[in-house]
Amino acid sequence: MSTVIFYVLSATALVATLLCVTRKQAVHAIVYLINALFALALMFYLLGAPLVAAWEVIIYAGAIMVLFLFIVMMFELDPAREAQRPAPARRWPVVLISAVILACSLALAFADPAGQAGVPGYYASPRAFGELMFGEYALGVEVASFLLLFAAVGAYTVGRGDEPAGGGEGRR
Amino acid sequence: MSLAELFSLLPVLVLAGASLLVLMLGLWLKHLPSLVALGVAACAAAGALAVLVPPEVMEVGGMFSAARYARFFLVLWAGVVAWTLLSSVRYAAARRFQPGEWVSLLLFAGAGMALLSAATSLVGMFLGLEAFTLVLYILIAFHRGSAAGTEAGLKYLVLGVTATAVLAFGVALVYASAGTFHLPEAMAGVAGDSPLRPLGLLGWGMLLVAIGFKVSLVPFHLWTPDVYQGAPAPVAGLLAAGSKGAMFSAVVGLLAGIGLGLRDLTPVLWALSGLSMLLGTLAALRQENVKRMLAYSSVVHMGFVLMGLLDAGPEGQEAVVFYLVFYALVSLGAFGVLTAFSGEEGEPQQLAAFRGAGYRHPFLAAALAVFMLALAGVPPTGGFMAKLGVFAAAIRAGHLPLALVGVLASLVSLVYYLKLVIAMYMSAEGAPPSGSPLHRGTRLEAACVGVCLLGVLLLGLAPGALLDWIGSLL
């Protein structure tokens, strides 16, 4: 059964991503992307990586996408258009995709509540994951953390507003 | 991760640590020259450590090599970063770049390039590549007063992120085919008759797309002219000298591990190289903007380097590394002259702005003329030896037609390189340059350009020393 669910989810993720990149309204695109990320999380779970699945939901769908939504809302692009409610026909795809994902998660939860059956040989327990990440790949994690630090520095440097004339020296 | 491993990585740690230190100091210390001095000292320290302190282990964390090849490139990239810092002091100060961020980002770019050159695993390659590419996105858009710079940064960001996605996909497919990230074992899925060979080849194709983007091979070169034109001149120099060189130094390692599988890739590499030389040349002929011309010229040169890689033996690799060193020197020099000519506002870019420069700025113009001739491959500059090496490598590998295309591209390239020389020396006497007059250049800038000039000439007159050194690394 998990094979069937896997392919259903893959198709859902593809469709959701496709809809995401073709939407004109940013908010709609983000909602589709969140759906795609949920589908991906379930696929990671099926592949024997529960920790990555949880992170996919908590970090990507939860934190990053909500941040995106906040930013889009703060920009308030073209309020007249944003205020329009989507036509009922436009709402069906997202409802359908969400329903498929919900059905898949429920099927998984009821078929195997303990999460024991069908654990693959390459099951990545959180412990094994942590050991690999901070053992074999510790250096890679450090390089990536440096990279993210400089990404933050860059975003701050490039994104700052212009300073008033003569304010270049000694201003914080 | 043991202490011995960290110790072997010490030169890179010095660069990365110094970038953090400068970043923090930059909050209080707004004096650019002293931060630049600190940065140059860090580069010198990293270079000295790399040469003088032998590593305890040859491979760090299964990701980065500490062998002589990696150390050689570390010294080269540390030198490139120190050179960029020194030659851009006036440029950065005039445009009121944030001193702390400017120096710190350049230092971290150096660390990233050193990591990429040292990568012995696809993960290490990915991280090293992303480390300095990310810094370049920021540096290209660093001049906030420049709309062209912001546009260039955005273009490079959007296309670069796409290339990164393709690279990650490719790495995953290669991993799926071989079961390891480590090089050269990761190539096993491509080379042998393994059942997952199609996956491995597909992964390889994606790696080539990403690599082609980063070094701007046709047909992945479209970002190059716009980014070169919009980026601050010192950053464009770093992009040309460092980023492309570091990528190719890693590709040498990738292709060395592939063994017999190279036969299957040869048609693709052949086409990429030939197209880059042909289309790059045709596009460069039409340019009136010096930075755009240099961008297309870099497309042509990357085609030359790729040609050298078709010979996977040590001689081919030697030719490629020699070419990378030469190209780093000459592009730093050319963009260094552009930096020196830049005034308070803007940079001289149109050919017309260089009219008569040969008489008003004898040293800088003469240096620029030598760099142009070196890029065209005229003896006795290093360009001649570098091109000779890659042409010979292509012929050894049995690709005479490709070598002929290369020779033809070199001949035609004289036309667009000489356009600049003619503008500087042979335009009507006393014809005033259009636009704002060229800056005279400070002593420091002239000295930096002089170092490159000396290097380019030495590589042509006495290439043996460097060739022997490179031979001992491989």
Side-chain angles (χ1 to χ4, degrees), chain A residues 10 13-14 17-18 20-21 29 33 36-37 40 43-44 47-49 52 56 60 64 68 120-122 124 129-172, chain B residues 1 5-6 9 12-13 16-17 19-20 23 26-31 60-64 93 95-102 104-105 107-109 111-112 115 119 121 123-124 126-145 149-150 153-154 157 181-182:
Chain A
S10 325
L14 275 180
T17 318
L18 208 63
C20 164
V21 295
L33 191 54
L37 290 170
L40 281 181
M43 284 161 71
F44 276 123
L47 288 172
V52 181
E56 191 81 18
Y60 283 90
I64 298 179
F68 275 26
Y122 42 82
F129 187 91
E131 276 172 0
L132 206 60
M133 187 145 152
F134 295 104
E136 193 182 338
Y137 290 105
L139 187 59
V141 173
E142 291 308 317
V143 176
S145 61
F146 254 90
L147 209 157
L148 290 176
L149 171 71
F150 279 96
V153 171
Y156 175 70
T157 312
V158 176
R160 259 172 358 140
D162 275 326
E163 290 166 358
E169 293 285 314
R171 233 178 121 262
R172 305 274 196 281
Chain B
M1 176 79 39
E5 285 186 302
L6 276 184
L9 206 60
V12 182
L13 293 182
S19 74
L20 283 188
L23 189 64
L27 289 177
W28 292 281
L29 189 63
K30 301 281 181 187
H31 188 234
V60 184
M63 261 182 243
F64 300 110
R95 284 155 186 75
R96 295 210 314 215
F97 287 174
Q98 294 291 311
E101 282 88 342
W102 172 249
S104 146
L105 284 168
L107 284 175
F108 187 63
L115 284 179
S121 130
V123 177
F126 184 84
L127 287 171
L129 183 60
E130 286 319 304
F132 78 75
T133 314
L134 190 116
V135 173
L136 281 174
Y137 299 145
I138 304 160
L139 286 177
I140 289 169
F142 206 80
H143 185 207
R144 281 182 299 135
T150 312
L154 192 65
L157 175 71
F181 287 120
H182 194 260

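All figures in this text were calculated on a predicted structure; none of them were measured in a lab.
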Worksheet, complete the sentence: Residues B:R144 and A:T157: closest non-hydrogen pair is CD-O, 3.4 Å
Response to the item:
So, the part of B:L23 with a heavy atom under 4.5 Å from chain A: the answer is side chain
Worksheet item: For B:F181, is it the side chain, the backbone, both or neither that has a heavy atom under 4.5 Å from a heavy atom of chain A?
Response: side chain
Discussion item. So for B:L127, is it side chain, backbone, both, or neither that comes closer than 4.5 Å to the heavy atoms of chain A?
Written reply: both
Item to complete: Nearest 0.5 Å please: distance from the OG atom of B:S121 over to the CG atom of A:L139.
Response: 10.0 Å
Practice prompt. Specify whether B:F108 and A:F146 have parallel, tilted or perpendicular ring planes, treating 30° as the upper limit for parallel and 60° as the lower limit for perpendicular.
Written response: parallel
Fill in: Rounded distance (nearest 0.5 Å) linking atom CD of A:E142 with atom CG of B:L9
11.5 Å
Discussion item. Heavy-atom count check: over 12 atoms from other residues, nucleotides or ligands less than 6.0 Å from A:F129 CZ?
Written reply: yes
Discussion item. So if I apply the side-chain contact (heavy atoms from CB on, under 4.5 Å) rule between A:V143 and each of B:V123, B:V12, B:L115, which one comes out positive?
Written reply: B:L115
Worksheet, complete the sentence: Cut-off 4.5 Å, heavy atoms of chain B, and the answer for A:L148 is neither
Practice prompt. Search all heavy atoms of B:I138 against all heavy atoms of A:F150 and return the closest pair with its distance.
Written response: CD1-O, 3.5 Å
Worksheet item: Which atoms of B:F126 come close to chain A, meaning under 4.5 Å heavy atom to heavy atom: side chain ones, backbone ones, both, or neither?
Response: neither
Practice prompt. Could you look at A:F134 and say if it's the side chain, the backbone, both or neither that has a heavy atom under 4.5 Å from chain B?
Written response: neither
Worksheet item: How far apart are the closest heavy atoms of B:M63 and A:E136, and which atoms are they?
Response: CE-O, 4.0 Å
Discussion item. Report which part of B:S104 has an atom under 4.5 Å of a heavy atom belonging to chain A: side chain, backbone, both, or neither.
Written reply: both
Discussion item. Which one wins on heavy-atom pair count under 4.5 Å against chain A: B:T150, B:V135, B:L20?
Written reply: B:L20
Worksheet item: Non-hydrogen atoms of chain A under 4.5 Å away: do they reach the side chain of B:E130, the backbone, both or neither?
Response: both
